[in-house]
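These numbers come from the heavy atoms of this one structure, side chains and all, not from hydrogens, waters or symmetry mates. Lettering follows sequence order; numbering is per chain, from 1. Everything numeric in this text was worked out from a predicted model, so none of it was measured.
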2 protein chains.
Amino acid sequence: MPSGAAAMSATRAEELSRQFKAIADPNRLRLVSLISSSAENEACVCDLTEPLDLGQPTVSHHLKILVDAGILHREKRGVWAYYSIVPGSLDALAGVLTEPK
Amino acid sequence: MPSGAAAMSATRAEELSRQFKAIADPNRLRLVSLISSSAENEACVCDLTEPLDLGQPTVSHHLKILVDAGILHREKRGVWAYYSIVPGSLDALAGVLTEPK
DNA sequence: GAATGATATCGACGGTTGTCAATGTGTGGG
DNA sequence: CCCACACATTGACAACCGTCGATATCATTC
């Protein structure tokens with residue numbers, strides 16, 4: 001975020017904060033990590049409940065927050081819901097922190 | 001954060017969430033932006049109160065959070081406190097989001 | 001050393017957040 | 001059709017967060 005660029009607008013800051021808030025939770029960070037480090041780059045709720053040691057409703061809640069923030073993608077196949085990372089979403093956030101040009 | 005790497009540990013997730021929480025606020029995002037886009041890459045509280053339209057105690061509070069998270073550096077010169085970005089701190093966070101290897 | 005000005009800290013208030021137990025929804029099998 | 005299963009939603013609660021007004025600290029000037 002080096003100098004040379006103009007300062008961030010208030011509305012832009014609001015948008016970005018929503019996405020950063022979605023990641024700024026230990027359990028959600030682990031969710032993203034678990035999904036991205038999985039074999040097929042996707043995981044269902046049942047695969048994520050145990051490693052986080054959280055109840056199923058809580059995991060679903062965190063996943064919803066990540067989906068609403070545009071970071072995760074939800075695809076229902078049969079009885080299971082598969083979550084995957086939206087391509088480029090994390091890189092876009094990373095860019096904000098480096099972006100200076 | 002692509003696949004291939006191992007999943008994030010719980011304690012590592014706690015550490016990272018502290019830093020992401022520090023940034024995950026609209027006003028603090030603007031603070032970082034204002035400081036990094038300033039001429040000398042530093043700013044005092046009096047320079048930051050007006051553009052954010054917040055009271056001085058509130059701005060000091062936000063700055064303290066960013067300092068505690070290791071993102072800002074505080075240097076007192078005379079009566080003023082100059083805040084600057086800790087070199088590499090934001091890039092380290094950005095790396096977590098890209099880092100997949 | 002009293003007064004001024006820049007920051008920091010404190011206490012309180014409403015709003016948000018993470019968690020869980022309970023319940024709802026929807027799919028597939030028998 | 002009913003049951004079992006995977007997941008989502010609701011409601012409630014404690015804990016945390018952002019904001020402000022009031023006050024404290026601390027360096028400078030007269």
Participant: At a cut-off of 3.5 Å, list every protein nitrogen or oxygen paired with a nitrogen or oxygen from nucleotides 21-25 of chain C, distance to 0.1 Å.
Facilitator:
none

Participant: Starting from A:Y82, can I reach A:V67 by hopping between I/L/V/M/F/W/Y residues whose side chains sit under 4.5 Å apart?
Facilitator: no
Participant: Between which nucleotides of DNA chain D, 5' to 3', does chain B make heavy-atom contacts below 4.0 Å?
Facilitator: D:dG18 to D:dT28
Participant: Between CD1 of A:I85 and OG of A:S36, what distance do you get to the nearest 0.5 Å?
Facilitator: 4.5 Å
Participant: Salt bridge (charged side-chain N to carboxylate O under 4.0 Å, His left out): which pairs involve residues 21-43 of chain B, sequence neighbours left out?
Facilitator: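 Sorted result for residues 21-43 of chain B: B:E42-B:R77.
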Participant: Quick one, which residues of residues 11-25 of chain A touch DNA chain C with a heavy atom under 4.0 Å?
Facilitator: A:D25
Participant: Could you tell me whether A:Y83 contacts a base, only the sugar-phosphate backbone, or nothing, with contacts defined as non-hydrogen atoms closer than 4.0 Å?
Facilitator: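 Here A:Y83 touches the backbone only, sparing every base.
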Participant: In whole angstrom, give the distance that lies between atom CG of A:L31 and atom C1' of C:dG18.
Facilitator: 13 Å
Participant: Can you tell me how far the SG atom of B:C44 sits from the CD1 atom of B:I35, to the nearest 0.5 Å?
Facilitator: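 The SG atom of B:C44 sits 10.0 Å away from the CD1 atom of B:I35.
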Participant: Atom CG of A:L93 and atom CG of B:L93: how far apart are they, to the nearest 0.5 Å?
Facilitator: 11.0 Å
Participant: Could you tabulate the donor-acceptor pairs under 3.5 Å formed by side-chain atoms of residues 45-61 of chain A, not counting sequence neighbours?
Facilitator:
| unit_1 | atom_1 | unit_2 | atom_2 | d |
| --- | --- | --- | --- | --- |
| A:T49 | OG1 | A:V45 | O | 3.1 |
| A:Q56 | NE2 | A:S60 | OG | 3.3 |

Participant: Check every strand shown and say whether A:R28 touches a base, only sugar-phosphate, or nothing at a heavy-atom separation below 4.0 Å.
Facilitator: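 Touches sugar-phosphate only.
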Participant: Could you give the distance from OG (B:S84) to CG (B:N41), rounded to the nearest 0.5 Å?
Facilitator: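 Output value for this atom pair is 8.0 Å.
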Participant: Tell me the interatomic distance from A:H62, atom NE2, to C:dT16, atom C1', rounded to whole angstroms.
Facilitator: 14 Å
Participant: Using a 4.0 Å heavy-atom cut-off, does B:H61 contact any base of the nucleic acid, only the sugar-phosphate backbone, or nothing at all?
Facilitator: base
Participant: Select from A:V45 and B:G78 the residue whose nearest nucleotide in DNA chain D is closer to the 5' end of that strand.
Facilitator: A:V45
Participant: Judged by atom type as modelled, is there a donor-acceptor pair below 3.5 Å linking the side chain of A:S37 to the main-chain atoms of A:S33?
Facilitator: yes
Participant: I need the A:F20 CZ to B:L97 CG distance, nearest 0.5 Å.
Facilitator: 7.0 Å
Participant: Quick one: is A:T58 getting a side-chain N or O under 4.0 Å of the C:dC20 phosphate, OP1 or OP2?
Facilitator: yes
Participant: C:dA8 P sits how many Å from B:D68 CG, rounded?
Facilitator: 12 Å
Participant: For B:K64, what residues pass the salt bridge (Lys or Arg N to Asp or Glu O under 4.0 Å) criterion, not counting sequence neighbours?
Facilitator: B:D68
Participant: For the hydrophobic clusters of this structure (ILVMFWY residues joined by side-chain heavy atoms under 4.5 Å, transitively), does one cluster hold both A:I65 and A:L31?
Facilitator: no
Participant: Taking atom C1' of C:dA8 as reference, at what distance in whole Å does atom CH2 of B:W80 sit?
Facilitator: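 Roughly 17 Å, once rounded to whole Å.
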Participant: For B:D47 and C:dA6, give me the distance from atom CG to atom P, rounded to whole Å.
Facilitator: 11 Å
Participant: On DNA chain C, does the nearest nucleotide to A:R77 precede the nearest nucleotide to A:N27 from the 5' side, or the other way round? Give the residue.
Facilitator: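 Per heavy-atom nearest nucleotide, the more 5' residue is A:N27.
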Participant: What is the separation between atom NZ on A:K64 and atom P on C:dT19, rounded to the nearest whole Å?
Facilitator: 17 Å
Participant: Quick check for you: to the nearest 0.5 Å, what is the distance between B:L90 atom CG and B:I23 atom CD1?
Facilitator: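 Atom-to-atom, B:L90:CG and B:I23:CD1 are 5.5 Å apart.
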